[in-house]
Amino acid sequence: MEFLQIGNDPLDRPLELIDIYATIIPAKDSRLVLERLKDSLPEEVHELSHLRRLNRIDDEGEIRLDLAICSVDTIDRDKLDSIIQGLPCSKIRIEQAPKFPARTKEQCTTWNTKVWPSFWRSNPNCLPAVLTADEKDQMTYYVNKLAEQVRDKHKIHNKDLPIATFAVDPDTQTIVATDFDARNSSGNPLEHSVMRCIRKVAELELERRREPNAVKGYLCLNMHLYTTHEPCSMCAMAMVHSRVGRLVYIRDMPQTGAINPLSAQGYCIHNNAKLNWRFNTWKPQDDLQIDLPDVSDTINA
Amino acid sequence: MNHERFMKIAIKLAETALQKDEVPVGAVFVADGEILATGINDTNRSLCGTRHAEFLGIEQILQTYTAEIFMKVDLYVTVEPCVMCAAALRQLGIRAVYFGCANDRFGGCGSVLRVNADKSPIMSPFKVFPGLYRKEAIMLLRRFYIQENEKAPTPKTKKSRLLKTDFVPLELDRYVLDKDHLNELNSIKLTESHHAQAT
């Protein structure tokens, strides 16, 4: 099974456009024009270093270049006209360009056929981080096992929502605690599987500490949590409070999730610079291949 | 005058938490002018980072009532609910939250995130009223951290054991959404001048 890392940057961010001024110049005059622009234009107000500033126009005769001058937000048209007066520029046009760099090479290629071309530079923030083959095997094993447990449980007990969580100790490779959603049977809408699982880890720790010379554990420090559905803000923050080391979830919850930057309010609680703890988060690349009983979009998982 | 009465009880509860070596936070849940439940922080005893005062109170209420009750429940809590608790309270549909001091590191009602009021296609927002007995709430937290430092195996510098008594003003616009909300906050009258001086 392949996994995607969930960061703060959406991997499939939609194409957002921005208006730019463009003009066609003879290639031989490009130095003159660029120098004049550099001296006269105010500072660009957007970050547009991903755009291809000069694009060669393939036609007969003199080589010409299509030049992106700057964003429309940077300068008024009148002022720009007076700057380029006397320069060998064609009439200024307004073109649309991608506001942000593309996330993948494929995305960049597609965008370049539609709007002002941009460069593809691999973006370190969205390159998949590396999982070892062993880690991938373990994650695949736990994901499949979790899905199986939730399916089995749902067959015999469908009063509660088919959402489940494992807490795994990555050092010993054991499941420390398993729990299921119980909001319906308990009458407490906050009895989500993540909250219950974290509580169970604490109960086990309390019990263990009754033994003499017990090695003390601390909350869920560095444990890996596996859960069927993208956690809500409450559960995501409970994981921050509990010092979880890694989260693996199977299904996105676009209306209620607090992890994926594209879900709900885009909180990315697992990797939020304003909070005092972060954990890396993964989901299976083809999560729809994993069979899970239905959970409504409006559920806070 | 009831705001004052309930917040004073929350402060008393936070005192109890402090005596039990818990982070001093107290919570009082009120419906129709009656106290439904109270809670104090229980994270250290339970070894569970999610056992905040709010959760203990909520569980107590749900032993007697169904979750629909929260439509008419107000919470008085000494410290701004954290992101987890704010999300929980919103999922329950609580009516309003009155709190003492801001929670700069974890606050979910404006300090770090605004989980109580950000747009959601599913849940209604709830309003918060900050600054009631703020100085008392802050002093309780400061006393707790000094107590912690004194117990540390290698006590820190003397400076960390000094109880500070200065207060920076509350940044109201983090919590107050509009003019009506501000008027509502300002109309809360406490006999002692202990709430945020909102202007």
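Below, chains carry the letters A, B, ... as their sequence lines are ordered, and counting in each starts from 1. These numbers were taken from a predicted model, which means no experiment stands behind them.
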*Looking at the rings of A/His241 and B/Phe106, which for Trp means the six-membered one, are their centres under 6.0 Å apart?*
yes
*Report the option among B/Gln91, B/Lys119, B/Arg105, B/Met123 that has the most heavy-atom pairs separated by less than 4.5 Å from atoms of chain A.*
B/Gln91
*Residue A/Ala238 versus chain B: region with a heavy atom under 4.5 Å*: both
_Contact winner vs chain B - A/Leu219, A/Leu206, A/Ile198, heavy-atom pairs under 4.5 Å_ = A/Leu206
*Atom group of A/Leu190 that falls short of 4.5 Å from chain B, counting heavy atoms*: side chain
*Which atom of A/Cys197 lies closest to which atom of A/Phe166, heavy atoms considered*: SG-C, 4.0 Å
*What is the distance from atom CG of B/Asp74 to atom CG of B/Asp32, rounded to the nearest 0.5 Å?*
9.5 Å
*For the candidates B/Asp118, B/Thr66, B/Thr43, which exhibits the highest count of non-hydrogen atom pairs separated by less than 4.5 Å from chain A?*
B/Asp118
_What part of A/Arg243 gets within 4.5 angstrom of chain B, counting heavy atoms only: side chain, backbone, both, or neither?_
neither
*Inspect the contact between A/Arg196 and A/Glu203 and indicate whether a charged nitrogen and a carboxylate oxygen are less than 4.0 angstrom apart.*
no
*What do you reckon, are the aromatic ring centroids of A/Tyr249 and A/His229 less than 6.0 Å apart?*
no
*Between B/Ala86, B/Ala87, B/Gly108, B/Cys85, which has the largest tally of heavy atom pairs under 4.5 Å with chain A?*
B/Ala87
